[in-house]
Amino acid sequence: MKAYLVGGGIGSLAAAAFMIRDGDVPGSFITILEAMPVPGGSLDGGGNSETGYTMRGGRMLTTDNFECTWDLFKSIPSLIHPGRTVYDETITFNEQNIPHSSARLVDENRFRVDVTSMGFSMEDRLELIKLVEADDDKLGASCITDWFSPGFFKTTFWYMWASTFAFQPWHSAIEFKRYLHRFMLEFSRIETLAGIKRTVFNQYDSLVHPLLSWLQTQGVQIEMNCTVTDFNLLTEGGKITVTGLQCNRNGTHETINVAEGDLVFFQNGSMTDASSYGSMTHPPEHRTKQDSGGWALWEKLAIAHPDFGNPAAFNSSIPETYWHSFTVTLKDTGFFDAMEKFTGNIAGTGGLVTFKDSNWFMSVVLAHQPHFANQPAGVQVFWGYALHPDRIGNFVAKSMADCSGAEILLELCGHLNFDLEIMATAICIPCRMPYITSMFMPRAQGDRPLPVPQNSKNLAFISQFVEIPDDVVFTVEYSVRAAQTAVYALLKINREVPPVHRHDKSLKVKLDAVIKAFK
């Protein structure tokens with residue numbers, strides 16, 4: 001048996017690892033095909049101290065959830081601590097850098113907002129209970145705004161929850177409800193982010209790089225600059241079998257034959273497709289659907305096979321799915337010193353600082369330094385993002401989408417009332433991501449395929465755009481869980497996928513949430 005994994009993101013890397021570890025598949029029998037020159041998908045991290053580091057984003061992690069992720073990384077050796085696993089080093093790191101945000105929200109007067117209360121009215125509480133108790137059939141393809149009054153979106157809770165998880169009011173009510181259940185344990189401590197865990201470095205260096213290194217030592221073949229453009233499919237007895245992969249390898253078209261018994265895993269859809277970077281002097285290019293390539297294969301499959309999902313539910317409205325992030329590289333400590341004094345948090349312990357009155361709804365986070373494995377001493381890096389990049393800034397008379405890195409720094413200093421001179425050595429690289437919250441778009445039943453559709457013989461889907469009960473998208477966990485589920489199903493592995501921890505069933509967690517809601 002051979003296995004072909006289309007896409008080189010965390011889902012495919014995890015699937016390869018599970019096949020080797022739990023399915024006894026030799027690594028040399030596994031091939032990963034990736035269109036980009038670098039594997040890792042959305043978990044990226046690049047650049048350098050001279051031209052500026054880049055990260056499109058960073059995913060939230062917890063150790064109270066993320067059962068499949070930690071099941072995986074308990075098996076992956078650390079690259080910086082011989083004899084230990086990635087899980088071990090992450091736990092130790094977080095024991096040494098305990099998170100407790102002291103400046104979660106900042107208002108227009110640079111005042112640290114009192115976030116001990118969620119700011120709910122009785123109407124908000126009743127609407128929240130109504131949503132939490134509604135089943136998926138009743139929620140259907142409704143939006144969050146269909147379930148709440150306008151005042152809810154001005155509560156302290158909304159500012160914190162939305163900026164932590166990147167929700168917009170027009171996003172899926174089902175996904176919002178799932179988050180409330182999945183992270184009910186975080187509901188009562190959302191103002192301090194005490195449950196959030198960090199990796200030692202950015203998530204490419206801390207998760208992708210060691211996993212990739214381990215796979216390569218196992219003999220896994222990883223082919224970059226290889227775009228799969230189509231699947232050859234055979235339908236017999238109501239079952240669909242992939243018999244070949246049509247590929248473009250470095251500009252040359254060829255067919256990879258998929259033999260009887262071989263498996264194909266497909267990362268359908270892409271949250272970072274058509275991303276673009278700007279510079280200190282230029283905004284990112286405004287790419288559109290015409291510049292998109294990461295959805296094409298799924299769209300082609302779905303036209304002929306409805307059981308393979310409906311990508312149009314997720315990628316048809318860029319204004320509703322895009323936002324901008326930015327990565328700042330500094331060669332002096334002035335900004336970090338000022339932020340640590342203002343927030344009361346040492347870098348790496350505070351988490352997101354959200355400017356709640358920002359027209360852009362902007363947040364920044366100062367990670368523990370160094371944040372890159374190759375980061376020199378004397379260099380510091382921080383990251384930020386904005387959920388409303390289409391709106392005119394408070395201090396810059398432009399939308400964030402039209403701003404250079406220098407203009408973003410001007411807006412940030414305006415909210416903090418810092419002298420712009422504090423950014424004298426800064427390199428700010430903005431990034432536009434047209435589909436970054438596409439998985440949150442309202443959806444109907446069937447819009448997301450199952451990891452292994454019922455009519456599939458050898459094809460599995462592993463991405464943020466598959467249907468997994470009880471779990472939530474826009475997390476590393478969702479991709480890893482999809483991969484583990486698909487691998488165990490196709491290889492018929494007699495080992496249970498780690499179940500979702502239902503903290504929402506705990507009487508104590510429920511009581512803590514109710515008490516928090518009434519503060």
Examine distances only and state if a side-chain atom of [X] and a backbone atom of [Y] form a donor-acceptor pair shorter than 3.5 Å.
{"X": "Asn202", "Y": "His371", "answer": "yes"}
{"X": "Thr321", "Y": "Pro434", "answer": "yes"}
{"X": "Tyr488", "Y": "Asp22", "answer": "no"}
{"X": "Asn345", "Y": "Glu340", "answer": "no"}
{"X": "Asn268", "Y": "Phe465", "answer": "yes"}
{"X": "Ser456", "Y": "Pro453", "answer": "no"}
{"X": "Asn257", "Y": "Ala259", "answer": "no"}
{"X": "Ser275", "Y": "Thr272", "answer": "yes"}
{"X": "Glu496", "Y": "Pro498", "answer": "no"}
{"X": "Asn94", "Y": "Ile91", "answer": "no"}

Can the ring centres of [X] and [Y] be said to be less than 6.0 Å apart?
{"X": "Phe461", "Y": "Phe265", "value": "no"}
{"X": "Phe440", "Y": "Phe474", "value": "yes"}
{"X": "Tyr435", "Y": "Trp295", "value": "yes"}
{"X": "Tyr53", "Y": "Phe372", "value": "yes"}

Anything under 30° is parallel, anything over 60° is perpendicular, the rest tilted; go ahead and classify [X] against [Y].
{"X": "His503", "Y": "His501", "value": "perpendicular"}
{"X": "Phe165", "Y": "Phe167", "value": "perpendicular"}
{"X": "Phe183", "Y": "Phe66", "value": "tilted"}

From CA spacing to verdict: side chain to side chain contact (heavy atoms under 4.5 Å, CB included), Thr333, Gln380: CA-CA 7 Å; Thr333 63; Gln380 294 178 312; 3.9 Å; yes
Axial cation check for Phe29 ring with Lys2, 6.0 Å and 45° limits: no
Salt bridge flag under 4.0 Å for residues Asp71 and Arg481: no
Residues Asn232, Gln246; criterion side chain to side chain donor-acceptor pair (under 3.5 Å); working and verdict: CA-CA 7 Å; Asn232 296 340; Gln246 300 295 323; 3.2 Å; yes
Stepwise ring pair (Phe, Tyr, Trp, His ring centres under 6.0 Å) test for Trp323 and Tyr385: CA-CA 8 Å; Trp323 43 256; Tyr385 85 110; 4.6 Å; yes
Distance-only donor-acceptor check, side chains Ser363 and Thr354, under 3.5 Å: yes
Full working for ring pair (Phe, Tyr, Trp, His ring centres under 6.0 Å) between Phe201 and His209: CA-CA 11 Å; Phe201 301 121; His209 192 190; 10.0 Å; no
